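None of the values given here were measured: they were computed from a predicted structure. Below, each value reflects all heavy atoms present in this structure, side chains not excepted, and no hydrogens, waters or symmetry copies.
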Amino acid sequence: MITRNFLEVGMNTEELVEIVLPGKVEPEGLQIRHGEVPVPGPGQVVVRMEATGVSFAEQQMRRGRYYDQPAFPFVPGYDLVGTVQAVGAGVGPGLAGARVAALTKVGGWASHVLVDAADVVPVPAGVSAAEAETLVLNGITAWQMLHRKARVRAGQTVVVHGANGGVGSILVQLAQLAGVKVIGTASARHHDALRERGVRPVDYRADDVAARIRELAPGGVDAVFDHVGGRGIVDSWRLLAPGGTLVSYGSASTLDDEGSKRWPVVKLLGRVWSWNALPNRRHAYFYNVLAGRALAKDRFRTRLRADLTQVFAALQRGDITAQVAAELPLARVADAVRLAESGTVTGKVVLTP
């Protein structure tokens with residue numbers, strides 16, 4: 001294989017094109033690699049990518065801060081949407097030519113991706129690749145945190161930190177679809193858009209965010225969805241009303257820290273364990289979208305397929321909208337990463353072939 005700077009070559013749909021993260025580099029340090037399109041083995045399919053995206057996980061991986069990322073160099077890309085181009089032995093012929101979505105964790109930033117056939121989920125007709133892409137990782141995360149962890153009910157009030165982000169914007173919509181009132185933190189520039197969606201906004205840059213949220217919900221809230229971690233997680237816990245649930249799903253506040261990339265997650269897990277040991281009628285979870293995949297693969301796949309199908313159905317009905325912040329070609333991945341990391345966009349930055 002030949003590795004070059006991604007700006008120096010064009011795209012050729014007849015060959016494999018991958019974006020490589022060679023180490024801790026600035027976005028311009030990402031490289032493009034050309035090779036042969038993979039051949040599917042038994043039980044596998046080759047998906048020709050139509051849309052992949054830049055999630056917060058890739059932002060952490062670029063800095064070497066994602067707690068269980070592979071060793072450099074590797075191809076990032078947590079999820080993708082595309083068309084099944086080839087199938088291996090034992091795969092039903094019905095998958096050939098189908099548009100599907102897949103959760104990959106790594107490898108999605110490529111023109112062709114090898115995936116186990118059991119891991120793909122059909123994308124419904126009438127949904128564009130870019131729209132569907134915004135709902136794979138982010139949609140599964142939002143749905144499972146709302147309905148499998150917090151188990152929200154109509155009439156409840158929840159706090160969504162980062163309400164304008166990739167996961168946050170879907171959390172807001174799915175919560176409202178369930179009849180739940182939402183308080184959302186975001187920078188002031190996004191407050192008008194959040195108000196239009198019926199969200200009560202709070203500026204996360206305010207001196208005391210927790211105090212401002214308590215003014216809106218004096219009796220506490222029924223759930224908090226926190227991707228920030230760090231010291232602020234304690235405030236999120238204290239915002240809960242009796243019977244409330246905290247769902248922690250990241251440590252964005254430690255993105256630029258030095259030292260162990262695992263320590264922030266270990267600390268979060270420790271807090272969750274200690275809070276759940278207290279007799280206080282509140283609950284805490286650390287959510288990982290891939291939890292259970294290694295130990296109970298069939299159950300994991302069944303649950304993922306069911307939940308993503310629900311999210312896609314909500315989009316197809318018009319109950320939620322896909323938040324595509326921008327679409328950029330794979331060859332402009334540096335621009336896409338910088339845009340995603342700017343904090344100025346609503347929704348997800350999508351990469352296309």
Side-chain angles (χ1 to χ4, degrees), residues 55-61 63 65-69 78 103 105 137-152 156-172 174-175 180 182-186 202 204 209-210 213-214 217 220-257 259-278 280-293 300 303 307 343:
S55 67
F56 188 70
E58 284 92 32
Q59 297 175 39
Q60 290 178 303
M61 289 177 186
R63 296 166 171 84
R65 298 294 300 169
Y66 194 75
Y67 69 99
D68 66 344
Q69 68 187 71
Y78 220 102
L103 196 65
K105 185 178 178 181
L137 173 60
N138 293 347
I140 293 167
T141 297
W143 181 274
Q144 293 187 345
M145 290 195 300
L146 280 167
H147 296 294
R148 294 191 180 273
K149 296 299 184 184
R151 298 182 182 274
V152 297
Q156 291 185 328
T157 298
V158 304
V159 172
V160 175
H161 287 299
N164 65 296
V167 174
S169 60
I170 302 173
L171 269 170
V172 166
L174 291 177
V180 173
V182 179
I183 299 170
T185 69
V202 173
Y204 74 85
V209 174
I213 293 173
R214 288 190 193 96
V221 298
D222 299 290
V224 179
F225 301 94
D226 189 314
H227 71 297
V228 182
R231 296 176 182 177
I233 198 73
V234 176
D235 288 332
S236 291
W237 173 253
R238 291 172 177 167
L239 288 171
L240 294 175
T245 301
L246 167 65
V247 185
S248 170
Y249 65 105
S251 55
S253 64
T254 66
L255 179 63
D256 293 314
D257 287 0
S260 171
K261 60 179 177 287
R262 295 184 177 87
W263 182 236
V265 175
V266 171
K267 286 198 293 186
L268 282 172
L269 290 171
R271 288 190 187 278
V272 166
W273 180 87
S274 63
W275 284 331
N276 286 332
L278 299 173
N280 56 25
R281 296 175 56 204
R282 293 177 289 179
H283 309 279
Y285 297 97
F286 182 78
Y287 173 83
N288 174 7
V289 70
L290 296 177
R293 186 171 71 166
F300 172 85
R303 185 174 59 184
D307 295 345

Do [X] and [Y] come within less than 4.5 Å of each other through their side chains, counting heavy atoms only?
{"X": "Arg303", "Y": "Gln144", "answer": "yes"}
{"X": "Asp307", "Y": "Arg148", "answer": "yes"}
{"X": "His283", "Y": "Leu246", "answer": "no"}
{"X": "Val234", "Y": "Trp275", "answer": "yes"}

Can you check whether [Y]'s main-chain N or O pairs, donor with acceptor, with [X]'s side chain at less than 3.5 Å?
{"X": "Thr185", "Y": "Gly162", "value": "yes"}
{"X": "Glu58", "Y": "Ser55", "value": "yes"}
{"X": "Thr254", "Y": "Asp257", "value": "no"}
{"X": "Asp222", "Y": "Thr157", "value": "yes"}

Return a table of donor-acceptor pairs under 3.5 angstrom between the side chains of residues 223-230 and protein atoms on other chains or two or more places apart.
residue	atom	partner	partner atom	Å
Asp226	OD1	Val228	N	2.7
Asp226	OD1	Gly229	N	3.0
Asp226	OD2	Ser236	OG	2.6

Taking atom [atom1] of [X] and atom [atom2] of [Y], what is their separation to the nearest 0.5 Å?
{"X": "Trp237", "Y": "Leu278", "atom1": "CH2", "atom2": "CG", "answer": "7.0 Å"}
{"X": "Tyr67", "Y": "Lys261", "atom1": "OH", "atom2": "NZ", "answer": "12.0 Å"}
{"X": "Asp68", "Y": "Lys105", "atom1": "CG", "atom2": "NZ", "answer": "3.0 Å"}
{"X": "Leu171", "Y": "Trp143", "atom1": "CG", "atom2": "CH2", "answer": "12.0 Å"}

Strictly by salt bridge (charged side-chain N to carboxylate O under 4.0 Å, His left out), give each pair with a member in residues 239-256 just once, sequence neighbours left out.
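Non-adjacent pairs meeting salt bridge (charged side-chain N to carboxylate O under 4.0 Å, His left out): Arg63-Asp256.
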Determine, step by step, whether Leu103 and Arg293 satisfy the side chain to side chain contact (heavy atoms under 4.5 Å, CB included) criterion, reporting the C-alpha distance in whole Å, the side-chain angles of both residues, the deciding distance to 0.1 Å, and the verdict.
CA-CA 11 Å; Leu103 196 65; Arg293 186 171 71 166; 5.9 Å; no
Asp235: partners by salt bridge (charged side-chain N to carboxylate O under 4.0 Å, His left out), with sequence neighbours left out
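With neighbours one apart ignored, the set is empty.
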Please test Arg231 against Ser253 for side chain to side chain contact (heavy atoms under 4.5 Å, CB included), starting from the C-alpha separation and ending with a verdict.
CA-CA 9 Å; Arg231 296 176 182 177; Ser253 64; over 6 Å; no
